[in-house]
Structure formats: C-alpha cells, structure tokens
Protein chains: 2
Amino acid sequence: MEKKLSIQDIAALTGLSTYTLRYYENIGLLSGIERDAKGYRVYSMEDISCIEFVIKLRDTDMPISQIKEFSDLRRQGNSTVIERKELLEVHQANVIKQMKELGDNLIKINEKINHYKKLAEQA
Amino acid sequence: MEKKLSIQDIAALTGLSTYTLRYYENIGLLSGIERDAKGYRVYSMEDISCIEFVIKLRDTDMPISQIKEFSDLRRQGNSTVIERKELLEVHQANVIKQMKELGDNLIKINEKINHYKKLAEQA
DNA sequence: ATACTCCTTATAGCGCACTCTAAAGCAAGT
DNA sequence: ACTTGCTTTAGAGTGCGCTATAAGGAGTAT
C-alpha cells in the first residue's frame with residue numbers, strides 16, 4: 001500500500017519546482033522514477049529520500065557535476081559503497097572548511113559592526 | 001611615502017583577477033581609485049582594505065547588488081554609518097543562519113558516511 | 001464536441017558573477 | 001623605427017543552475 005505521489009506532490013514536499021525535478025532527472029541526478037499508464041512520473045518514498053539527500057549536497061555547495069557522480073555510483077549498486085563513502089568524505093572536509101571560512105569572515109563583519117557602533121556613539 | 005600599487009600588484013595581493021578588479025570598479029563596488037599620468041589605476045592602502053572587505057562580503061554570499069548598496073553608503077560619507085551598521089547586522093544574521101544550515105547538513109552527510117562504513121564492514 | 005487541467009518532451013532564455021577579446025595608447029628597449 | 005609589455009575602454013562571451021515556453025497528449029466536466 002505504497003502511496004503514489006505526483007510531481008506536484010514532490011514539489012510541495014521538497015520545495016523544488018516541478019521544472020527542477022524534471023531537470024534533475026534529465027541530467028541524471030535522479031533515476032529509476034516510475035511512470036504510470038499516462039506516462040506521468042510517480043515518485044516513491046525512496047525517491048523522496050534520494051531527492052532530499054541531493055538537496056543537502058546542493059545546499060552544501062557540491063557542484064551538480066559531482067552530485068551526478070554520486071548518483072551514478074548509487075545507480076551502479078552495492079559495489080560502489082566505498083567509492084560513495086570516499087566521495088562524501090572529501091565533501092565533508094570541504095563543508096568543514098567552508099564553515100571555518102564563514103566563521104572567520106563573520107568575525108571580521110562583527111568587528112566592522114562594532115567599529116560603526118563606536119563611531120555612532122561618538123556622534 | 002605611500003606605496004603606489006598597480007592593478008597587477010592588487011591582483012597578486014587580493015587574489016582577484018585584473019578583470020575582476022576593473023569589473024568591481026565599473027559596477028561601483030570600488031570607488032575613488034586614483035589614476036596616474038598615463039591613466040593607469042593606482043591603488044592606495046585604504047583601497048586594499050576596502051577590497052578585502054568586499055571579498056569578505058562576497059565570500060559570505062552577499063549578492064553584488066547589496067555589496068554595491070554598502071559601497072554607495074560608504075561613498076556618501078559619515079552620515080551613513082548607522083545605515084551601514086544596520087546593513088551589516090542583517091547580513092550577520094544571514095551568515096549565522098547559513099552556518100547553522102551547513103552544520104545541520106553536515107550532520108546528515110556524516111550519518112550517510114557512517115551508514116556506508118557499516119555496509120562496507122559487513123561485506 | 002469543447003474546454004479545462006494536468007502532464008509530457010525538447011529547446012530557448014535568464015540572472016549572476018565573472019572572464020575574455022578587440023582596439024588603441026604610452027613608454028622603454030634594441 | 002619597431003617590437004614588447006603594460007595599461008585603458010567597451011562590449012561580447014562563458015558557465016552554472018535553473019526557469020520558462022511551445023507543442024502536444026490524455027482524462028474529466030459540461
């Protein structure tokens with residue numbers, strides 16, 4: 001008794017537009033999505049978690065080309081688990097670096113705000 | 001005895017290309033940059049700190065349109081200090097939010113890595 | 001039958017932030 | 001005098017990640 005979800009449903013659930021959902025499928029970020037008798041896309045629960053993970057990769061600034069690599073590995077099955085792990089570990093390091101750099105820049109922005117506060121007090 | 005720096009020097013110092021330096025000036029992110037007798041750009045130390053702060057804003061994903069707003073305020077002088085402070089405070093909140101979201105996504109990526117590690121061990 | 005609504009595909013267009021090219025000027029070196 | 005090497009400008013082109021359009025098909029409502 002699996003729920004069958006339309007592209008509209010998925011758009012509402014994931015926050016991606018229907019355009020983007022088709023685009024992601026076309027370029028190979030998503031695959032194995034069923035079609036009904038009319039040729040309409042039908043999404044499973046597993047598809048949703050797949051999409052949500054793609055969104056997490058994207059939101060941590062993984063380029064689409066690399067998300068595609070990851071998706072291609074997944075499509076190839078269990079033999080690629082180690083490769084997928086390694087790909088994610090590289091990305092993990094990038095995200096940590098990104099956060100550190102954001103933190104450093106945030107400090108500088110804070111300093112500038114404090115500088116302006118002092119200037120404003122003097123006036 | 002101020003050092004006078006060429007666009008090449010600034011490119012080397014800031015990591016921006018000479019293209020980007022001219023582009024930033026054209027669109028109003030940078031202003032008040034001197035010219036020598038030949039019409040060549042000559043950068044001051046203050047220009048450098050200005051450029052470096054622009055880079056920090058850019059690297060924290062402030063859109064160029066907003067960096068321009070900030071630069072325009074600066075050009076208007078001391079009367080805009082409070083406005084500049086407020087603009088940066090809004091951005092500060094965005095950066096904090098960004099870091100939080102990165103952290104949340106990082107946790108999910110870590111979970112996936114651990115999942116793959118377990119799968120790999122079983123095999 | 002006709003209109004409406006949802007979907008499909010292929011392909012074109014957009015916004016952002018650069019990045020490069022073309023044409024020209026000036027100064028030093030050979 | 002001429003080449004090299006730096007600069008200038010205006011404007012064209014690039015890459016990414018969507019976003020929109022056009023043309024058409026199937027199912028439901030009137």
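Lettering follows sequence order; numbering is per chain, from 1. Computed from a prediction, not measured in an experiment: that's the story for all the values here.
Two residues are said to be in side-chain contact when any heavy atoms from C-beta on lie closer than 4.5 Å; A/Ile48 and A/Leu5 meet this criterion. With contacts defined as side-chain heavy-atom distances shorter than 4.5 Å, the pair B/Arg58/B/Leu16 qualifies. For the pair A/Asp72/A/Thr80, no side-chain contact is recorded, criterion being any heavy-atom separation below 4.5 Å from C-beta on. Residues B/Ile7 and B/Tyr40 form no side-chain contact, since every pair of their non-hydrogen atoms from C-beta on lies 4.5 Å or further apart.
Heavy atoms of other residues, nucleotides or ligands lying less than 6.0 angstrom from CG of A/Asn78 number 12 at most. Residue B/Leu13 places its CG atom among more than 12 non-hydrogen atoms of other residues, nucleotides or ligands, all under 6.0 Å distant.
When all heavy atoms of A/Arg35 and A/Gly39 are compared, the pair lying nearest together is NH1-O, 3.0 Å. Shortest non-hydrogen contact noted between B/Ala120 and A/Ile82 is CB-CG1, 4.0 Å. Listed here is the closest heavy atom pair of A/Arg84 and A/Gly77: NH2-O, 2.9 Å. Of all heavy-atom pairs between B/Leu21 and B/Ala11, the closest is CD1-N, 3.7 Å.
In this structure, the CG atom of A/Asp9 is 12 Å from the P atom of C/dC6, given to the nearest Å.
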Could I get a table of every N or O pair under 3.5 Å where one atom is in the protein and the other is in nucleotides 24-27 of chain C?
residue, atom, partner, partner atom, Å
C/dG25, N2, B/Tyr40, OH, 2.9

Collect all protein-nucleotide pairs involving nucleotides 13-15 of chain C in which both atoms are nitrogen or oxygen and the distance is under 3.5 Å.
none

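A continuous path of hydrophobic side-chain contacts links A/Leu119 to B/Phe53 [ILVMFWY only; heavy atoms under 4.5 Å].
The backbone N or O of A/Thr20 lies less than 3.5 Å from a partner atom in the side chain of A/Ser17, making a donor-acceptor pair. Side-chain N or O atoms of A/Asp59 include none that pairs as donor or acceptor with a backbone N or O of A/Lys56 at under 3.5 Å. A donor-acceptor pair under 3.5 Å is absent between the side-chain atoms of B/Asn114 and the main chain of B/Glu111, judged by distance alone.
Within residues 12-30 of chain A, the residues approached by DNA chain D to less than 4.0 Å at the level of any non-hydrogen atom are A/Tyr19, A/Thr20, A/Tyr23, A/Tyr24, in residue-number order. Near-neighbour residues of DNA chain C inside residues 52-73 of chain A, defined by a heavy atom below 4.0 Å, are absent. Of the residues in residues 97-105 of chain B, not one places a heavy atom less than 4.0 Å from an atom of DNA chain D.
Taking the C1' atoms of five terminal pairs at each end of the helix from C/dA1-D/dT30 to C/dT30-D/dA1, the two resulting helix axes are inclined by 30°, rounded to 10°.
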(request) Test A/Asp104 against A/Lys108 for salt bridge (Lys or Arg N to Asp or Glu O under 4.0 Å), laying out the working first. (result) CA-CA 7 Å; A/Asp104 291 348; A/Lys108 299 294 180 181; over 6 Å; no

Can you give me every donor-acceptor pair (side chain of residues 86-97 of chain B, partner residue at least two apart or in another chain, under 3.5 Å) with its distance?
residue, atom, partner, partner atom, Å
B/His91, NE2, B/Thr60, OG1, 2.7
B/Gln92, NE2, A/Asn110, OD1, 2.3

Which donor-acceptor pairs under 3.5 Å do side chains of residues 22-30 of chain B form with protein atoms, sequence neighbours excluded?
residue, atom, partner, partner atom, Å
B/Glu25, OE1, B/Arg41, NE, 2.6
B/Asn26, ND2, B/Arg22, O, 3.4

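Note that the first and last nucleotides of DNA chain D, 5' to 3', having any atom under 4.0 angstrom from a heavy atom of chain B are D/dC6 to D/dT9.
For A/Lys117, there are no side chain to side chain donor-acceptor pair (under 3.5 Å) partners at least two apart in sequence or on another chain. In terms of the side chain to side chain donor-acceptor pair (under 3.5 Å) criterion, residue partners of B/Glu34 (sequence neighbours excluded) are, by chain and number, B/Lys4. Take B/Asp61 and apply the side chain to side chain donor-acceptor pair (under 3.5 Å) test, not counting sequence neighbours, and it matches no residue.
Close to C/dC6, at under 4.0 Å from its OP1 or OP2, lies no side-chain N or O of A/Gln8.
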